[in-house]
K.L.:
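The structure under discussion is supplied below as structure tokens; questions concerning it will follow.
As a basis for the values below, the full set of heavy atoms in this structure was taken, side chains included, without hydrogen atoms, waters or symmetry mates. Each chain gets a letter, A, B and so on, in the order its sequence line appears, and its residues count up from 1.
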Protein chains: 2
Amino acid sequence: MMHEAGTATEQTRERLLNAAREEFSQHGFQGATVREICRRAETNVAAVNYHFGSKDGLLAEALNFAPLKAMQLANGKADEDPEVRLRLFIRDFMLMLLDETNGSLPCRIMARELADPTPALDKIVREAIAPLHEFLGKLLREIAGEKTGEAELRRCVHSILGQCLYYRHSHPVQQRLHPKLRYDHKEIAAVAKHIANFSLAGINFISKSAAK
Amino acid sequence: MMHEAGTATEQTRERLLNAAREEFSQHGFQGATVREICRRAETNVAAVNYHFGSKDGLLAEALNFAPLKAMQLANGKADEDPEVRLRLFIRDFMLMLLDETNGSLPCRIMARELADPTPALDKIVREAIAPLHEFLGKLLREIAGEKTGEAELRRCVHSILGQCLYYRHSHPVQQRLHPKLRYDHKEIAAVAKHIANFSLAGINFISKSAAK
DNA sequence: AAGAATATCAAACGCTTGTTTGAATGTAAA
DNA sequence: TTTACATTCAAACAAGCGTTTGATATTCTT
């Protein structure tokens, strides 16, 4: 029999996916355990293999980059000024990475597994990272102009992604250095504004150097 | 009997430390196994617990941030121009993170464990990350002037470290996106120059905004 | 209501992990 | 040489892992 929305089966699948996203984003693929995921989902240990075949399969299905893609799509239709669009992108991306209430767990998993390849890395690169680089590359091209070299432009993309991801990666450390720190909406907006200002100044300098 | 330099004992300890640095920097603390470390060091599995008490103890002793500290110390005595010193720092730091022949493995371990806390994180924060932030904070203060706020300055530190560490973190991904990529001395120097140019433009913009 | 397909569960399996053990070996002082 | 200590080693241990099993419960079709 096929699945239907709202059945107990679907509920278990969905609970497993949500629990898996939490665990994977908090502890990484290796660090997360099937048993803890099932405990969170209030189901049996065998459920993962029944519904997803394996821990790998669960990770693959837990990854959902639709919000990331939707954000890029909406950005393209927003303001015409590319600098404003870059500011919007950085803000939305930082919210996905840091916001406690509405953050995108798949994006956090992506951030985590940048450095730590798992069987799902190919899918992550194909569906999330490569499109992200392409999107940012085109956006920065609009800002930097045609004179800027391809390699230079790609490094600007790295500079922006590096800044954004650092706030996610270094969270455990920052909490030890500054225990009072909390990433509420106000703080995230301030951080995003800083990254945008810092980066736009950097890009404009690079493009000016290339124009000479 | 106490240890003496050059005895077989010392050699085993040293071989274990070197093997551990390789494994920890490549696979992280969780991913590295005591058995593989001992295989590399050509010794028995029990050697780790005999010489270091535990896998945790081995990691703690494998961390050696002397090169990182020496680099900061030498930087302070170098050129008087803080902008030049920032360029030097970024270049040296990128070499530690990326250079295949002379890179600092403890620095790579530090980079890896930023996001993935282990029992050694406290030591890493105390001995490496906190001093690094302090060093960069003072250096940027010289460049940005007194008008720039403390929070803004700290975000500039994050922007620089984020850019540098991204090249290490994203290495597995970059190799899939651009298989030809190799981080030889020339490429590292080019990356370091980009980060320095990009960041100095960013800092100067931030400090100019604060001066108004 | 009866039967077939689907889903859940407790229990166990096979494997790997970090760690411990106790004997064997090497080394230096008495 | 003898004694005491330091080091190495093969083997085993206990715990945790992802996965499998076979029985039980649930759900849908006829």
K.L.:
When you measure from the side-chain N and O atoms of Thr12(A) to the phosphate of dA7(C), is any distance below 4.0 Å, counting only OP1 and OP2?
P.N.:
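Thr12(A) to dA7(C) OP1/OP2: no side-chain N or O under 4.0 Å.
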K.L.:
Tell me every residue that passes side-chain contact (heavy atoms from CB on, under 4.5 Å) with Arg87(A), counting only those two or more places apart in sequence or in another chain.
P.N.:
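Arg87(A) satisfies side-chain contact (heavy atoms from CB on, under 4.5 Å) with Ala196(A), Asn197(A), Leu200(A) once adjacent residues are dropped.
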K.L.:
Whole angstroms only, please: what is the CD1-P distance between Ile37(A) and dG16(D)?
P.N.:
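After rounding, the reported distance stands at 17 Å.
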K.L.:
To the nearest Å, give me how far apart CZ (Phe24(A)) and C1' (dG18(D)) are.
P.N.:
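Going from Phe24(A) (CZ) to dG18(D) (C1'), I get 11 Å.
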K.L.:
Starting at CD of Glu14(A) and ending at C1' of dA7(C), how long is that distance when rounded to a whole Å?
P.N.:
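So the two atoms are 16 Å apart, to the nearest Å.
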K.L.:
Could you check how far CZ of Arg39(A) sits from P of dA10(C), rounded to whole Å?
P.N.:
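The distance from CZ of Arg39(A) to P of dA10(C) comes to 13 Å, rounded to the nearest Å.
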K.L.:
Using five pairs at either end of the helix from dA1(C)-dT30(D) to dA30(C)-dT1(D), determine the angle between the two local helix axes and round it to 10 degrees.
P.N.:
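Computed angle between terminal axes is 0°.
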K.L.:
Is the closest basic N to carboxylate O distance between Arg40(A) and Glu22(A) below 4.0 Å?
P.N.:
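Judged by the 4.0 Å cut-off on N to carboxylate O distance, Arg40(A) and Glu22(A) do form a salt bridge.
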K.L.:
With sequence neighbours excluded, tell me which residues meet salt bridge (charged side-chain N to carboxylate O under 4.0 Å, His left out) with Glu100(B).
P.N.:
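Here no residue qualifies.
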K.L.:
How close or far is atom P of dT8(D) from atom CD of Gln11(B), stated in whole angstroms?
P.N.:
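In whole Å, dT8(D) P lies 10 Å from Gln11(B) CD.
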K.L.:
Provide the full list of ring-ring contact (aromatic ring centres under 6.0 Å, His included) pairs with a residue in residues 98-137 of chain B, sequence neighbours left out, each pair given once.
P.N.:
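Residue pairs passing ring-ring contact (aromatic ring centres under 6.0 Å, His included), neighbours aside: Phe89(B)-Phe135(B), His133(B)-His158(B).
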K.L.:
Rounded to whole Å, please give me the gap between CD in Gln30(B) and P in dT16(C).
P.N.:
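Those two atoms, CD and P, are 18 Å apart.
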K.L.:
With 3.5 Å as the limit, what N/O pairs link the protein to nucleotides 19-24 of chain C?
P.N.:
unit_1  : atom_1 : unit_2   : atom_2 : d
dT19(C) : OP2    : Lys55(B) : N      : 2.7
dT19(C) : O5'    : Asn49(B) : ND2    : 3.4

K.L.:
Which residues pass the side-chain hydrogen bond (donor to acceptor under 3.5 Å, both in side chains) test with Gln26(A), not counting sequence neighbours?
P.N.:
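None.
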K.L.:
Listed by chain and number, what are the salt bridge (charged side-chain N to carboxylate O under 4.0 Å, His left out) partners of Asp122(A), not counting sequence neighbours?
P.N.:
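Here the qualifying residues are Arg176(B).
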K.L.:
Using salt bridge (charged side-chain N to carboxylate O under 4.0 Å, His left out) as the criterion, list what pairs up with Glu113(A), not counting sequence neighbours.
P.N.:
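Per chain and number, Glu113(A) pairs via salt bridge (charged side-chain N to carboxylate O under 4.0 Å, His left out) with no residue.
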K.L.:
Would you say His51(A) places a side-chain N or O within less than 4.0 Å of OP1 or OP2 belonging to dT8(C)?
P.N.:
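So the side-chain polar atoms of His51(A) do come within 4.0 Å of the phosphate oxygens OP1 or OP2 of dT8(C), strictly under.
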K.L.:
Mind calculating the distance between CZ (Phe29(A)) and C1' (dC17(D)) to the nearest angstrom?
P.N.:
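Atom-to-atom, Phe29(A) to dC17(D), this comes out as 12 Å.
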K.L.:
Take the protein atom CZ of Phe52(A) and the nucleotide atom P of dT8(C), then report the distance between them rounded to whole Å.
P.N.:
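My rounded result for the distance is 11 Å.
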K.L.:
Any salt bridge linking Glu23(B) with Arg108(B)? Criterion: basic side-chain nitrogen under 4.0 Å from a carboxylate oxygen.
P.N.:
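Salt bridge between Glu23(B) and Arg108(B), a charged N being under 4.0 Å from a carboxylate O: no.
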K.L.:
Checking Arg39(B) now: which residues fulfil salt bridge (charged side-chain N to carboxylate O under 4.0 Å, His left out) with it, not counting sequence neighbours?
P.N.:
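In terms of salt bridge (charged side-chain N to carboxylate O under 4.0 Å, His left out), with neighbours along the sequence ignored, Arg39(B) is linked to Glu36(B).
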